[in-house]
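Taking it in order: structure first as C-alpha cells, then the write-up.
Convention: sequence-line order gives letters A, B, ...; per-chain numbering from 1.
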2 protein chains.
Amino acid sequence: MLRLSRLTDYAVVALVRLGRAEAVETSPGIAAAIGLPEPTVAKVLKALACSGLVVSQRGAHGGYRLSRPLHAISVAEVILAIDGPIALASCVDGAAGCESQSLCPVAGRWDPVNDAIREALTGITLADMEEAAVPRAFRLPAELSAATAGE
Amino acid sequence: MLRLSRLTDYAVVALVRLGRAEAVETSPGIAAAIGLPEPTVAKVLKALACSGLVVSQRGAHGGYRLSRPLHAISVAEVILAIDGPIALASCVDGAAGCESQSLCPVAGRWDPVNDAIREALTGITLADMEEAAVPRAFRLPAELSAATAGE
DNA sequence: TCAATCAGTACCGTTCTGGTCCACAATTGG
DNA sequence: CCAATTGTGGACCAGAACGGTACTGATTGA
Ligand code: FES
Ligand code: FES
C-alpha cells in the first residue's frame with residue numbers, strides 16, 4: 001500500500017507538538033498531549049534523539065527539545081529516522097535485488113524513482129504540515145465535514 | 001522502510017518484459033524469462049489484468065499482452081494495481097487516522113505529502129525504466145526525450 | 001473431445017510492525 | 001550523600017501483512 005510505518009506518523013505528530021513547547025517536555029507529557037500510549041511515544045522519541053532530531057535532557061526536570069526549528073526539518077528526515085532509509089525496491093543504491101539480476105530488465109532502474117520520492121519528501125518541512133493545523137478555512141470542504149462528523 | 005511490495009517490483013519487470021514481446025506471452029513463459037517462480041508471476045499477471053494494464057487471452061495459445069505501450073503506463077498505475085492505493089498515513093483522503101484526531105496537530109495534513117509522491121510516481125513511465133536497462137546504443141529518440149528527468 | 005491457458009479462491013509459513021515491559025544510567029534537589 | 005525523576009537500551013510477545021503455493025473451475029482453439 002506504500003504506506004509508511006505508523007511510528008513515523010507518531011514522530012511527526014510529536015515533533016510538531018514539540019515545536020510549540022517552549023521548554024523541555026517529558027515523554028509522558030507529550031504522550032498525554034497527543035493522546036497516544038506513553039511507552040510507544042517514548043520509543044519514538046528515543047529513535048528521534050538517536051538521529052539528532054531532538055536533544056534529550058536526562059535527570060529530574062529533564063525531557064526533550066527540538067534540535068532545529070520545525071521549518072528546518074524535512075519529512076524525509078523523520079522517515080529516515082524512524083522507518084529507515086527510503087528504498088522502494090531491494091536493489092536501490094547498488095544493493096542486490098532480484099534473485100536473477102542478470103535477467104531483470106529493470107535492474108538498478110529503481111533509483112530514479114526512489115530519488116524522485118526522496119526529493120519530494122525532502123521538499124516538505126514539518127512547518128508546512130503545522131501551518132495547516134492552525135485554523136485555516138481554505139481547506140477542502142470534505143475535510144471540514146469529515147472533521148466535524150468524526151468528532 | 002518505505003518500500004513497496006515485492007510483487008510490485010515483479011509487476012514492473014513483467015510489464016517491461018511484455019513490452020518487448022510481439023505476440024501474447026504465457027505466464028510460464030514470462031516467469032522463465034525473468035527468472036521467477038511461475039505461480040507468483042501468474043498471480044501478478046492476474047492482478048494486472050484485473051486492473052486493465054494487460055489484456056488476457058484465454059484458451060489454447062492464449063497469454064497476456066500489454067493494453068497500452070510502455071510509455072503510457074506510469075509507475076503509479078502499477079503500484080496502484082498491485083500494492084493498492086498510495087496512502088502514506090492512515091488519514092489521507094479523509095479516512096480516519098489517529099485514535100484522537102482532535103488532538104493530532106497534523107490531522108489531515110498528510111495529503112499534500114501523499115500527493116507529492118503520487119505525482120512524482122505518475123511522472124515516471126515504464127519506458128523510462130526500460131531505456132536504461134538496454135545498452136545505451138539501443139535507445140530510441142522518443143525514449144531519450146522521455147527520460148530527461150531520470151538522467 | 002481434449003489439451004492448453006487464464007480465473008478465482010483458499011491456505012499456510014514467514015516476516016515485519018506495533019506495543020509493552022524491565023533493569024540501568026544520569027541528573028537534579030533536598 | 002541519598003532519593004526521586006527522567007531518559008537509555010534492550011528483550012519480549014502478539015498481531016497483521018506479505019509472499020508463496022495449491023487446487024478447482026471456466027474458456028478457447030485444434
Ligand atoms: S534487480 Fe532490481 S528489480 Fe530486478
Ligand atoms: S489524524 Fe492523521 S496523523 Fe493524526
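A sub-4.0 Å separation between OP1 or OP2 of D/dG20 and a side-chain N or O of B/Tyr10 is present. At the phosphate of D/dG20, OP1 or OP2 sits under 4.0 Å from a side-chain N or O atom of B/Arg6. Considering only side-chain N and O atoms, B/Ser27 lies under 4.0 angstrom from the phosphate OP1 or OP2 of C/dC6. Phosphate contact (OP1/OP2 of D/dG19, side-chain N/O of B/Ser5, threshold under 4.0 Å): present. The side chain of B/Gln57 contributes an N or O atom lying less than 4.0 Å from OP1 or OP2 of D/dG29. At least one side-chain nitrogen or oxygen of B/Thr40 sits closer than 4.0 Å to the OP1 or OP2 atom of D/dT21.
Remark: P of D/dA16 and CZ of A/Arg3 are 12 Å apart, rounded to the nearest angstrom. As a whole-Å value, the separation of B/Ile82 CD1 from D/dG19 P is 10 Å. Between B/Asp9 atom CG and D/dG20 atom P the separation is 11 Å, expressed in whole Å. Rounding to whole angstrom units, CD of residue A/Glu38 and P of C/dG19 are separated by 14 Å.
With sequence neighbours left out, A/Ser27 forms a side-chain contact (heavy atoms from CB on, under 4.5 Å) with A/Ala42, A/Tyr64.
Put simply, the side chain of B/Arg118 reaches to within 4.5 Å of the side chain of B/Asp115, judged on heavy atoms. Put simply, the side chain of A/Val113 reaches to within 4.5 Å of the side chain of A/Trp110, judged on heavy atoms.
The side chain of B/Arg58 sits closest to C/dA7 out of C/dA10, D/dG29, C/dA7. Listed nucleotides: D/dG7, C/dT20, D/dG20. Nearest to the side chain of A/Ser56: D/dG7.
One N or O on the side chain of B/Ser67 and one on the backbone of B/Leu53 form a donor-acceptor pair closer than 3.5 Å. No donor-acceptor pair under 3.5 Å is formed between the side chain of B/Ser74 and the backbone N or O of B/Thr125. When atom types are taken as modelled, the side chain of A/Asn114 and the backbone of A/Ile86 share a donor-acceptor pair closer than 3.5 angstrom.
Residues of residues 59-66 of chain B having a heavy atom closer than 4.0 Å to DNA chain C, listed by number: B/Gly59, B/Ala60, B/His61, B/Gly62, B/Gly63, B/Tyr64.
Note on A/Ile117 and B/Leu4: same hydrophobic cluster, where clusters join Ile, Leu, Val, Met, Phe, Trp and Tyr whose side-chain heavy atoms are under 4.5 Å apart, directly or indirectly.
B/Leu7 comes within 4.0 angstrom of the backbone, heavy atoms only, and of no base.
Counting distance only, with no hydrogens placed and no angle test, the side-chain atoms of A/Lys46 and the base atoms of D/dG7 include no donor-acceptor pair under 3.5 Å.
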